[in-house]
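Only one structure is covered here, and it is reproduced in the block below.
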Number of protein chains: 2
Amino acid sequence: MSTQNVPALFNRMAIRATSNGLNPCEACPIRDMSVCAGLNSHELDHVNAIVTRMTIDSERAVFYEWDSAEHVFNVTNGTVRLSKMLPDGRRQVTGFLYPGDFLGIAYSDTYAYTAEAISPLSLCRFPRHKLEALFDEIPGLEKRVLGVASNELRAAQDQMLLLGRKTAQEKLATFLCSLIKAGKQNGGRQDAIDLPMNRTDIADYLGLTTETVSRTFTRMVKDGVLELPSTHRVVFQQPKRLQQISEGET
Amino acid sequence: MSTQNVPALFNRMAIRATSNGLNPCEACPIRDMSVCAGLNSHELDHVNAIVTRMTIDSERAVFYEWDSAEHVFNVTNGTVRLSKMLPDGRRQVTGFLYPGDFLGIAYSDTYAYTAEAISPLSLCRFPRHKLEALFDEIPGLEKRVLGVASNELRAAQDQMLLLGRKTAQEKLATFLCSLIKAGKQNGGRQDAIDLPMNRTDIADYLGLTTETVSRTFTRMVKDGVLELPSTHRVVFQQPKRLQQISEGET
DNA sequence: CGTATACTTGAATTGAGTCAATAAGTGTGG
DNA sequence: CCACACTTATTGACTCAATTCAAGTATACG
């Protein structure tokens, strides 16, 4: 169940009453990967005082593009899909977020995209104005958020190059390479990954159709670049070849 | 000529020795449109102390994608083209910057894109580390930069939707609408604009070829949506129709 | 175990790209 | 001010990568 509808005060009390008396942030699994990294115990108390921990079922929205942008979030578990839609239903997925990622940066009244859970999701939710107030109390926190924004901006530029100028095969190769890279940071196996998203999500992320994504997977399997033990599992036979394909060296 | 090669000290002395003794920032034409908006006289002195004013010839680079990201800039006059390239030369233009725009946000060692002048360009250049030091002295400045980054992020999301899911006609209509909108902010005529960029730049921005851009312009002229008195001038006959086209209502 | 959903494959179509030939600007020097 | 060269833009004919439409096949889940 979500904590979404639980009064905030009750929530904070519950959070503070952990069995060992520690601030739950101290034990947070993504502590060192997120915007909270490097905060000291005292600062974490500040953060903890304004956070609401919540869970969201798979395929439910965290927020919609047109929602008033009152909160920002930190993903602690699960995967989020960010997307925008045209009036006639055409969809562009603008990104996927994983544990440790920051969600909801927007210097405007509404969010820039819709955010939906594509697996059971755990989040830390912060009221925007309270987080901004924290910027004055925790030196470096704002700089960290600026860093996050800057990294997102770089990723967005890369995605524009992909969408505007890459072929279907290059697009899929680039996508898979970025998943490998993200997996590396989390210390997982580097020659195989699980795809938390389905073919439609991948297609909408790469500006393709599901059929083209499927055909491109098939072609890569035939070429011996990768294997698909199941639809959501990819084993890389030739990671370097994949990297070459992603940069157009074919 | 550029001030790029003039020693910084000399530069600052020259800047301070204005005829009326005022900080040149006070008279800056883009003062209220830029990240400097709302700074008081004292704060502008701080800014002025670290700025180098420079000019760049048309078609020359401000910096390249692979350059060490040591400076940030404020465009005071002219137009900048931002782009990324694939090894084989395919290019994606990721944006155009106009007077008042901020350039070079990057939380990494190198820039995320190449920035080139597409008209004679005037810039204010700030050493990154000095600007970051200013964040501590000028309250709200960092927040302002975060705001700029956030707006760029939103624009990048919109561009992803355009590149991934819009037709050629929708792409061009969207582009023209955004130029009208930008023109409005500067208080110009709203039913006609000058295009500072050529057809290749537009094509590379929209993920098209020059031929398709040209054909799409021709079609819009035939449909009575706009007129092209010259290749770099667009007169809008039916701005509302253009808006409709941009959102796929056809 | 059946049924809905997701994925793959095939055939035909098409929107935009490519290649090629003008046409229209733009600038330069005589 | 014009003739020339050069660049940029337009137009036409043809091609092709990806989409669309249409079956099938696998997979997940109550």
Side-chain angles (χ1 to χ4, degrees), chain A residues 57-59 81 86 88-93 118-120 162-175 194-223 226-234 245 248 250, chain B residues 57-59 81 86 88-93 118-120 162-175 194-223 226-234 245 248 250:
Chain A
D57 291 339
S58 189
E59 296 304 323
R81 176 184 65 216
L86 286 169
D88 64 4
R90 279 175 286 173
R91 187 180 71 159
Q92 179 64 40
V93 170
I118 57 172
S119 68
L162 177 147
L163 291 168
R165 290 297 179 220
K166 290 189 179 179
T167 65
Q169 204 188 12
E170 289 162 4
K171 285 175 174 181
L172 188 58
T174 305
F175 173 63
D194 283 304
L195 299 176
M197 66 292 289
N198 63 26
R199 297 291 188 264
T200 305
D201 291 337
I202 297 173
D204 285 349
Y205 181 56
L206 301 179
L208 300 169
T209 57
T210 53
E211 292 95 326
T212 299
V213 170
S214 195
R215 280 187 250 272
T216 307
F217 265 125
T218 304
R219 178 176 164 193
M220 286 179 171
V221 170
K222 274 185 188 147
D223 292 350
L226 49 83
E227 277 177 6
L228 293 171
S230 79
T231 52
H232 290 270
R233 180 90 187 150
V234 186
I245 293 170
T250 308
Chain B
D57 291 338
S58 189
E59 295 306 322
R81 174 183 67 216
L86 287 168
D88 65 3
R90 277 174 287 173
R91 186 181 72 158
Q92 179 65 39
V93 170
I118 57 172
S119 68
L162 178 148
L163 291 168
R165 289 296 178 222
K166 289 189 181 180
T167 65
Q169 205 189 13
E170 289 162 4
K171 285 175 175 181
L172 188 58
T174 306
F175 173 61
D194 282 304
L195 300 174
M197 64 295 287
N198 63 27
R199 297 292 188 264
T200 306
D201 291 337
I202 297 173
D204 285 351
Y205 181 56
L206 301 178
L208 299 169
T209 59
T210 54
E211 293 95 329
T212 299
V213 170
S214 197
R215 278 188 252 270
T216 307
F217 265 125
T218 302
R219 178 177 164 192
M220 286 179 171
V221 170
K222 275 185 188 147
D223 291 349
L226 48 83
E227 276 177 7
L228 293 171
S230 78
T231 51
H232 290 271
R233 180 89 189 152
V234 186
I245 294 171
T250 309

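A quick note: this is a predicted structure, and the numbers were derived from the prediction, not measured. Chain letters run A, B, ... following the sequence lines, proteins first, then strands; residues in each count from 1.
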Minimum-distance nucleotide (side-chain atoms of [X] versus [options]):
X: A/N198; options: C/dC7, D/dA18, D/dT10; answer: C/dC7
X: B/T167; options: C/dA16, D/dA18, C/dC7; answer: C/dA16
X: B/T231; options: C/dT8, D/dA9, C/dT9; answer: D/dA9
X: A/E211; options: D/dA22, C/dA16, D/dA18; answer: D/dA22
X: A/R215; options: C/dG10, C/dT18, D/dA9; answer: C/dG10

For the pair made of [atom1] in [X] and [atom2] in [N], what is the distance, rounded to whole Å?
X: A/E59; N: D/dC29; atom1: CD; atom2: C1'; value: 15 Å
X: B/I118; N: D/dT7; atom1: CD1; atom2: C1'; value: 17 Å
X: B/L228; N: D/dT8; atom1: CG; atom2: C1'; value: 14 Å
X: B/D201; N: D/dA9; atom1: CG; atom2: C1'; value: 13 Å
X: B/L172; N: C/dG15; atom1: CG; atom2: P; value: 17 Å
X: A/L206; N: D/dA17; atom1: CG; atom2: P; value: 18 Å
X: B/L208; N: C/dT18; atom1: CG; atom2: C1'; value: 14 Å
X: A/R219; N: C/dT8; atom1: CZ; atom2: P; value: 16 Å

Quiz item: Is there a side-chain contact (heavy atoms from CB on, under 4.5 Å) between A/R215 and A/Q169 once you walk through the steps?
Solution: CA-CA 10 Å; A/R215 280 187 250 272; A/Q169 204 188 12; over 6 Å; no
Quiz prompt | Considering all heavy atoms, the nearest A/P120-A/S58 contact | solution = N-CB, 3.9 Å
Practice problem: May I ask you to verify if any side-chain N or O of B/H232 is less than 4.0 angstrom from the OP1 or OP2 atom of D/dT8? | Solution: no
Quiz item: So, is A/T212 near the phosphate of D/dA17, with a side-chain N or O under 4.0 Å from OP1 or OP2?
Solution: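 No, no such contact exists.
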Exercise. Answer with base, sugar-phosphate or nothing: what part of the nucleic acid does A/S230 contact at a heavy-atom distance below 4.0 Å?
Key: nothing
Exercise. Let me know, please, whether B/T210 or A/G207 comes out on the 5' side of the other along DNA chain D by nearest nucleotide.
Key: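 That would be B/T210.
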Quiz prompt | Which residue lies more 5' along DNA chain D, comparing B/R199 with A/A168 via nearest heavy atoms | solution =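 Mapping each residue to its closest nucleotide by heavy atoms, the 5'-most match is B/R199.
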Quiz prompt | Working for side-chain contact (heavy atoms from CB on, under 4.5 Å), residues A/D204 and B/R165 | solution = CA-CA 8 Å; A/D204 285 349; B/R165 289 296 178 222; 2.8 Å; yes
Practice problem: Evaluate the criterion side-chain contact (heavy atoms from CB on, under 4.5 Å) for residue pair B/K166 and A/L86; output intermediate values, then yes/no. | Solution: CA-CA 9 Å; B/K166 289 189 181 180; A/L86 286 169; 3.6 Å; yes
Quiz item: Closest nucleotide of DNA chain C for A/R165 versus for A/K222: which of these residues is on the 5' side?
Solution: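 The 5'-side residue here is A/K222.
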Quiz item: Does B/T216 reach the main-chain N or O of B/T212 with its side chain, forming a donor-acceptor pair under 3.5 Å?
Solution: yes
